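Following: one structure in structure tokens, then a few remarks.
Small disclaimer: the values here were computed from a predicted structure and weren't measured.
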Amino acid sequence: MLQENYESVDKKITEACRRAGRNRDAVTLIAVSKTKPLSDIEELLQNTDAENFGENKVQELVDKYEHISRPVKWHMIGHLQTNKVKYIVDKVCLIHSVDSVNLAKTIEKEAAKHNVVVPVLIEVNVAGEESKFGVSVEETEDLIRQIKDFPHIHIDGLMTIAPFVANPEENRVHFRRLKELLLDINSKNIDNVHMNVLSMGMTNDYEVAVEEGATMVRVGTGIFGERNYNI
């Protein structure tokens, strides 16, 4: 079932790329494995070309990192507390959720200790939802300018978590706004800032996100099924 789900999502991404006149290679599918057992990931590794996995809790990411049968690309997609940064800076390929100078400073400090450069995305609360983390659209450039010269951080782009809506078309405006923000920031030729990653779109709306320029989509339920948050 997991193989069929993954291949179905992959096919829908391909079709969305075709509708938008984009190359399928421009979009990375991140299988969001949070709360799911390592055996599910192993099943995907055995039966598909999946290699990007997303986690939103540090301890869960570390546990899976240490026990998986072969290396994969781990994405930290959840809110990251500063006191947890030290556990993952040398284990993730990308942190999607940088939303403050303080967090960036901590990543810089811990990355320096491990002698690594950590790729990050700035999390933008495009829809302005009070329940969501992320900086506002208006604050994004200022945050980027404050951390752009940190030697152990590389800003790769922007991320957003769009509202959960019944009709995915309602989120098209938010995805389009994030793409416009990225283009606007790139047009200013800020030193050390060359952003090209747009992490946006989840199970409910990833096809719309791809049509609007997403380069990474984060799909959990669409691949692994519903989650039991009581485990």
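Side chains of Val27 and Thr215 form no contact here, defined as non-hydrogen atoms less than 4.5 Å apart. Between Leu29 and Tyr206, the closest side-chain pair of non-hydrogen atoms is not below 4.5 Å. No side-chain heavy atom of Asn171 sits under 4.5 Å from any side-chain heavy atom of Val208. Arg70 is listed as a side-chain neighbour of Leu45, based on a closest heavy-atom distance under 4.5 Å. Contact annotation: the side chain of Trp74 never approaches that of Asn52 to less than 4.5 Å [non-hydrogen atoms, C-beta and beyond]. For the pair Ile41 and Leu38, the minimum side-chain heavy-atom distance is below 4.5 Å.
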Please output the side-chain donor-acceptor pairs of residues 87-94 that fall under 3.5 Å, not counting sequence neighbours, one pair per line with the distance.
residue	atom	partner	partner atom	Å
Lys91	NZ	Tyr87	O	3.1

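Summarising the geometry of Asn186 relative to Val193, their closest heavy-atom pair is OD1-O, 4.2 Å, with the distance given to 0.1 Å. Taking both residues in full, the closest heavy atoms of Val117 and Pro151 are given as CG2-O, 3.8 Å, listed atom of the first, atom of the second, then distance. The heavy-atom pair separating Gly201 from Ala209 by the smallest distance is CA-CB, 3.6 Å. Minimum heavy-atom separation, His174 to Ala127: CE1-CB, 3.6 Å. When every heavy atom of Gly213 is checked against every heavy atom of Leu198, the shortest pair comes out as O-CD1, 3.5 Å. In plain terms, the two heavy atoms of Lys132 and Ala162 that are nearest each other are NZ-O, 3.3 Å.
In the hydrophobic clustering of ILVMFWY residues, with side-chain heavy atoms under 4.5 Å counting as a link, Val217 and Val124 come out together. Following chains of ILVMFWY side-chain contacts shorter than 4.5 Å, one can reach Phe150 starting from Ile107, so the two form part of one hydrophobic cluster. Using a 4.5 Å cut-off between side-chain heavy atoms of Ile, Leu, Val, Met, Phe, Trp and Tyr, with links allowed through other members, Val58 and Val85 fall into the same hydrophobic cluster. When hydrophobic clusters are built by joining Ile, Leu, Val, Met, Phe, Trp and Tyr residues whose side-chain heavy atoms come closer than 4.5 Å, directly or via intermediates, Met216 is not grouped with Ile77. A single hydrophobic cluster is not seen to contain both Leu121 and Val219; linkage of ILVMFWY side chains at heavy-atom distances under 4.5 Å, directly or through other members, places them apart.
Proximity of a side-chain donor or acceptor of Thr48 to a complementary backbone N or O of Leu44 within less than 3.5 Å is detected. In this structure, the side chain of Arg19 does not engage the main chain of Glu207 through any donor-acceptor pair within 3.5 Å. In this structure, the side chain of Ser97 engages the main chain of Gly78 through a donor-acceptor pair within 3.5 Å. With Arg22 contributing its side chain and Val210 its backbone, the two residues share a donor-acceptor pair below 3.5 Å. Between the side chain of Ser199 and the backbone N or O of Met159 there is no donor-acceptor pair closer than 3.5 Å.
Between the CD1 atom of Ile155 and the CD1 atom of Ile122 there is a distance of 5.0 Å, given to the nearest 0.5 Å. The NE2 atom of His194 lies 10.0 Å from the CG atom of Asn196; values are rounded to the nearest 0.5 Å. A distance of 5.5 Å separates NE2 in His152 from CG in Asn115, rounded to the nearest 0.5 Å. Atom-to-atom distance recorded for Glu123:CD and Ser100:OG is 10.5 Å, nearest 0.5 angstrom. Annotation: the span from Gln81 atom CD to Lys84 atom NZ amounts to 5.0 Å, rounded to 0.5 Å. Taken to the nearest 0.5 Å, the CG atom of Asn23 stands 7.5 Å off from the SG atom of Cys17.
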* Stepwise, does the side-chain contact (heavy atoms from CB on, under 4.5 Å) test hold for Asp10 with Arg24? -> CA-CA 9 Å; Asp10 187 76; Arg24 172 64 185 86; 2.6 Å; yes
* Asked: What do the steps show when you test Leu158 against Met195 for side-chain contact (heavy atoms from CB on, under 4.5 Å), and what is the final call?
  -> CA-CA 8 Å; Leu158 306 175; Met195 305 193 302; 4.1 Å; yes
* To do: Test Phe53 against Ile30 for side-chain contact (heavy atoms from CB on, under 4.5 Å), laying out the working first.
  => CA-CA 5 Å; Phe53 294 88; Ile30 301 171; 5.7 Å; no
* To do: Could you walk me through whether Glu42 and Gln46 pass the side-chain hydrogen bond (donor to acceptor under 3.5 Å, both in side chains) test, one step at a time?
  => CA-CA 6 Å; Glu42 297 285 6; Gln46 187 173 347; over 6 Å; no
* Which is it for Asp205 and Phe164 under the side-chain contact (heavy atoms from CB on, under 4.5 Å) test, yes or no, and what are the steps along the way? -> CA-CA 9 Å; Asp205 54 20; Phe164 186 80; over 6 Å; no
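By the side chain to side chain donor-acceptor pair (under 3.5 Å) test, Glu141 pairs with Arg145, Lys188, sequence neighbours left out. With sequence neighbours excluded, no residue satisfies side chain to side chain donor-acceptor pair (under 3.5 Å) with Asn5. Looking at residues two or more places apart in sequence or on another chain, you find a ring pair (Phe, Tyr, Trp, His ring centres under 6.0 Å) between His96 and His75. With sequence neighbours excluded, the residues that form a ring pair (Phe, Tyr, Trp, His ring centres under 6.0 Å) with Phe133 are His79. Partners of Arg172 according to the salt bridge (Lys or Arg N to Asp or Glu O under 4.0 Å) rule, which considers only residues two or more places apart in sequence or in another chain, are Glu169, Glu211, Glu212.
Side chains of Asp156 and His154: a donor-acceptor N/O pair is present below 3.5 angstrom, by distance only. For the residue pair Asn125/Glu129, the side-chain donor-acceptor check at 3.5 Å is not satisfied. Under the 3.5 Å distance criterion, with hydrogens and angles disregarded, a donor-acceptor pair is assigned to the side chains of Asn192 and Asp149. Under the 3.5 Å distance criterion, with hydrogens and angles disregarded, a donor-acceptor pair is assigned to the side chains of Glu139 and Ser136. Side-chain contact annotation: Gln59 with Asp63, donor-acceptor N/O pair under 3.5 Å present. Donor-acceptor pairing under 3.5 Å is lacking for the side chains of Glu226 and Thr221.
The environment of Lys109 atom NZ is sparse: at most 12 non-hydrogen atoms of other residues, nucleotides or ligands sit within 6.0 angstrom.
For Glu60 and Lys57, the salt-bridge test fails: no basic side-chain N is under 4.0 Å from an acidic carboxylate O. Ion pair Glu110/Lys113 flagged as a salt bridge, since at least one NZ, NE, NH1 or NH2 atom sits closer than 4.0 Å to an Asp/Glu carboxylate oxygen. Using a 4.0 Å cut-off between charged side-chain N and carboxylate O, Glu55 and Lys73 make no salt bridge.
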